[in-house]
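Read the structure below first, then the notes.
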Amino acid sequence: MRLIFIGPPGVGKGTQAKNICAHFGIIHLSTGVILRNEIKQMSSIGQSAKTFIDAGQLVPDDVLLKIMYERLTQENCYNGFCLDGFPRTMPQAEGLDHILKNLNQSLDAVVSVEVDEEELINRLVLRGITSRRTDDTHDIIRQRLQVYKKQTEPLIEFYEERDLVKTINGVGEITEITERILNTLI
Ligand code: ADP
C-alpha cells in the first residue's frame with residue numbers, strides 16, 4: 001500500500017497516518033518529524049530548515065526531494081509507505097512521480113483529511129502549549145494555513161485527475177476517523 005496524506009496543519013494527519021501504517025505494516029514517513037530530527041542533531045539540513053520552519057514557510061523543494069529520494073529508495077519502503085507532509089508543492093509532486101517511476105511503483109491513494117479552519121486554529125494553539133513546537137504560535141499558525149492553501153491544496157486537484165483522492169472528515173474520535181480512512185481503502 002502506497003499512500004499520501006494531505007491536509008492542513010492541525011488536521012490530525014500525523015496521528016492518522018501512524019494508525020494506518022500500523023494497520024498495514026508499512027513505513028510512516030513524516031517530513032515534519034524528519035526535519036525536526038535534523039534540527040535536533042544540528043545537521044546542516046537542520047540548520048537551514050529551522051529558519052523556514054520557524055517563519056511558517058516551506059523548506060525549499062530541492063532539500064525535501066533529496067531527503068525523500070534517500071528514504072524512498074531504501075529497502076524498508078519497498079512494501080509500502082505512507083507519506084505525511086510530502087509532497088507539499090507541485091514541484092515536489094512532480095519529483096515524487098519521477099522517483100516512483102524509477103522504482104516502478106505507483107500510488108494507491110491520496111487521503112485528504114478535512115476540518116474547518118476555526119477548529120484547526122484552536123487545535124494548533126492547544127498543541128503549541130504542550131508540544132513546545134516553535135511554529136505552533138498564533139501568527140505562525142495563520143501563516144502556515146495560508147501557505148497550505150496556496151501551495152499544497154492545489155495538489156488535491158492534481159491527484160483528483162488521477163482518481164486517487166479519498167476525502168475524509170477529520171472531526172470525531174481518533175479511532176473513528178481511522179475507521180473512516182480504512183473503509184475507503186479496502
Ligand atoms: P504541519 O502539518 O502541522 O504544518 P509538519 O510537521 O508536517 O507540520 O511540518 C512542519 C514544518 O516543516 C512546515 O511548516 C514546513 O516548514 C516544514 N516542512 C514539512 N514538510 C515539508 C515539505 N514537504 N516541504 C517543505 N517544507 C516542509
Side-chain angles (χ1 to χ4, degrees), residues 3-21 27-72 77 81-100 107 110-156 158-159 168 170 174 177:
L3 305 171
I4 294 177
F5 274 65
I6 291 190
V11 81
K13 63 183 184 307
T15 309
Q16 293 304 330
K18 243 184 255 166
N19 289 352
I20 298 299
C21 283
I27 298 285
H28 176 208
L29 290 175
S30 158
T31 47
V33 170
I34 293 170
L35 290 170
R36 283 189 291 278
N37 274 334
E38 295 283 344
I39 293 174
K40 234 186 269 162
Q41 289 161 15
M42 296 200 290
S43 68
S44 59
I45 287 183
Q47 280 169 342
S48 64
K50 185 170 169 45
T51 323
F52 294 100
I53 292 177
D54 287 351
Q57 303 286 355
L58 295 183
V59 176
D61 290 333
D62 57 335
V63 176
L64 266 298
L65 281 166
K66 188 164 179 282
I67 291 175
M68 295 312 284
Y69 175 80
E70 274 165 21
R71 302 281 169 142
L72 289 169
C77 281
F81 51 76
C82 174
L83 305 184
D84 162 13
F86 177 92
R88 244 178 165 99
T89 64
M90 277 307 294
Q92 290 181 19
E94 283 157 6
L96 175 63
D97 272 352
H98 193 73
I99 295 170
L100 295 181
L107 294 168
V110 174
V111 178
S112 162
V113 189
E114 294 184 341
V115 165
D116 74 60
E117 186 160 325
E118 210 175 313
E119 164 87 9
L120 287 179
I121 295 176
N122 288 339
R123 286 188 190 181
L124 286 163
V125 171
L126 276 181
R127 182 171 86 182
I129 297 168
T130 50
S131 74
R132 296 164 66 209
R133 264 179 59 167
T134 47
D135 58 347
D136 279 345
T137 62
H138 210 274
D139 289 350
I140 299 300
I141 289 166
R142 284 204 174 277
Q143 166 67 22
R144 282 159 56 212
L145 284 171
Q146 273 178 18
V147 167
Y148 173 77
K149 279 199 191 135
K150 197 159 164 239
Q151 307 206 56
T152 309
E153 217 168 48
L155 297 188
I156 296 174
F158 173 79
Y159 288 117
I168 304 293
I174 289 173
I177 300 164

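First listed ligand is number 1; within each ligand, the first listed atom is number 1.
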Short list, please: which atoms of ligand 1 are under 4.0 Å from a heavy atom of [X]?
X: K13; result: 2 (O)
X: R36; result: 6 (O), 10 (C)
X: G32; result: 5 (P), 6 (O), 9 (O)
X: Q57; result: 15 (C), 16 (O)
X: Q92; result: 22 (C), 23 (N), 24 (N), 25 (C)
X: G85; result: 20 (N), 21 (C), 22 (C), 23 (N)

With no hydrogens and no angle check, is any side-chain donor or acceptor of E38 less than 3.5 Å from a backbone partner on S44?
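Such a contact is absent between E38 side chain and S44 backbone.
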
Sidechain-backbone polar pair: Q92 side chain, R88 backbone, donor-acceptor under 3.5 Å:
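Answer holds: yes.
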
Can you tell me if CD1 on I174 sees more than 12 non-hydrogen neighbours from other groups inside 6.0 Å?
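Incorrect, the count does not exceed 12.
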
Does [X] approach ligand 1 within less than 4.0 angstrom via side chain, backbone, both or neither, non-hydrogen atoms only?
X: R133; value: side chain
X: Q143; value: neither
X: L35; value: side chain
X: V59; value: both

Nearest protein heavy-atom contact for atom 20 (N) of ligand 1: which residue, which atom, what distance?
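Result: T31 OG1, 2.7 Å.
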
Out of I45, L35, T134, which one pairs with K50 under the side-chain contact (heavy atoms from CB on, under 4.5 Å) rule?
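Considering I45, L35, T134, a side-chain contact (heavy atoms from CB on, under 4.5 Å) with K50 is found only for T134.
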
Any salt bridge between R123 and D136, counting N to O under 4.0 Å?
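The answer is no: the pair does not qualify as a salt bridge.
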
Working to the nearest 0.5 Å, report the span between OH of Y148 and CD1 of I6.
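Atom-to-atom, Y148:OH and I6:CD1 are 6.5 Å apart.
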
How long is the straight-line distance from NZ of K13 back to CD1 of I4, given to the nearest 0.5 Å?
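Result: 12.5 Å between the selected atoms.
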
Chi angles and distances behind the side chain to side chain contact (heavy atoms under 4.5 Å, CB included) call for I53, V59
CA-CA 7 Å; I53 292 177; V59 176; 3.9 Å; yes

Applying side chain to side chain contact (heavy atoms under 4.5 Å, CB included), run through Q16 and I168 and close with a yes or a no.
CA-CA 11 Å; Q16 293 304 330; I168 304 293; over 6 Å; no

Nearest non-hydrogen atom to atom 9 (O) of ligand 1 belongs to which of R88, R127, R144?
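Selected option, by shortest heavy-atom distance: R88.
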
Any nitrogen or oxygen of L124 lying under 3.5 Å from a nitrogen or oxygen in ligand 1? Just yes or no.
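Among all N and O atoms of L124, none is under 3.5 Å from an N or O of ligand 1.
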
